[in-house]
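Below is one structure, written out as structure tokens; comments come after it.
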Amino acid sequence: MWEQIVKDLKTKGVQLVAVSKTKPKEAILQIYEKGQRIFGENYVQELVQKYNELPKDIDWHLIGHLQRNKVKYIIPFIKMIHSVDSLELLQTIQDLAKKNERMVDVLLQIKIATEETKTGMSFSVAEKISTEYLEEWTHVRIRGVMGMASLSDDTEVTRKEFRLLKSYFDSLENHFVKNKLDYFSEICMGISDDYLIGIEEGATMVRIGSLIFGKR
Ligand SMILES: *Cc1c(COP(=O)(O)O)cnc(C)c1O
């Protein structure tokens, strides 16, 4: 399973975030030993503990909802934060990254699902962040966008939502290109159930948990 997924993503040029939430460090080490270096976690406390106990060349990505008062725990080591869902959160990350003399990669999580439970900022906030506030971001690099599709058995619903995220990416990208910023390049969409649709619709990065680690 693992080998097949990795081979497939490699030929397609898509980055894999191995989602290891709730899984013990032994399970992570098994995948690490096969060469995987990017791992995604949802909960700050669990992430900090795993960071302390596991090899230091792992790139840790936070993919779950992040409260502003918890940014300080991960800022010294986090590689990428996928779940930036408000202007205020991004400003907190910027302030603390500056204090820590770090550059932190982030994705703007934009709401594409119709369900109330799926978080994310509106496209208009993402646009503000990428235009009138753009000069504020001296210690965060906005690398792209992230989105979660609705829970649905209808693949056309999923496809439509991913297509929407791709269109958001395209219009935001214009602002970065205009400012000669070439790092805005990532579209992170797709989990175990729908990553193939994500890739068909333009994902550059997918977040896969249960397909690699087994059910949670
Ligand atoms: C848990 C989680 C995933 C992985 O989901 P799987 O179905 O296990 O692949 C991806 N993205 C987010 C935001 C998650 O919370």
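Just follow the structure's listing: the first ligand is 1, and inside any ligand the first atom is 1. When reading the values below, keep in mind they use all heavy atoms of this one structure, side chains included, and skip hydrogens, waters and symmetry mates.
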### Electrostatic pair Arg143:Glu186 at N-O distance under 4.0 angstrom
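Glu186 and Arg143: salt-bridged.
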
### Query
Are any of the side-chain nitrogens in Lys50 or Glu46 under 4.0 Å away from the carboxylate oxygens of its partner?
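Salt bridge flag = yes for Glu46 with Lys50.
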
Say whether [X] and [Y], considering side chains only, have a donor N or O and an acceptor N or O under 3.5 Å apart.
X: Glu41; Y: Ser20; value: yes
X: Thr92; Y: Arg68; value: yes
X: Gln109; Y: Ser83; value: no
X: Ser150; Y: Ser152; value: no

Contacts table for ligand 1: protein N or O within a distance under 3.5 Å of ligand N or O, distances only.
{"unit_1": "ligand 1", "atom_1": "8 (O)", "unit_2": "Ser210", "atom_2": "N", "d": "2.8"}
{"unit_1": "ligand 1", "atom_1": "8 (O)", "unit_2": "Ser210", "atom_2": "OG", "d": "3.0"}
{"unit_1": "ligand 1", "atom_1": "8 (O)", "unit_2": "Arg216", "atom_2": "NH1", "d": "2.8"}
{"unit_1": "ligand 1", "atom_1": "8 (O)", "unit_2": "Arg216", "atom_2": "NH2", "d": "3.2"}
{"unit_1": "ligand 1", "atom_1": "9 (O)", "unit_2": "Ser192", "atom_2": "N", "d": "2.9"}
{"unit_1": "ligand 1", "atom_1": "9 (O)", "unit_2": "Ser192", "atom_2": "OG", "d": "2.5"}
{"unit_1": "ligand 1", "atom_1": "9 (O)", "unit_2": "Gly209", "atom_2": "N", "d": "2.8"}
{"unit_1": "ligand 1", "atom_1": "11 (N)", "unit_2": "Arg207", "atom_2": "NE", "d": "2.8"}
{"unit_1": "ligand 1", "atom_1": "15 (O)", "unit_2": "Lys21", "atom_2": "NZ", "d": "2.7"}
{"unit_1": "ligand 1", "atom_1": "15 (O)", "unit_2": "Asn42", "atom_2": "ND2", "d": "2.7"}

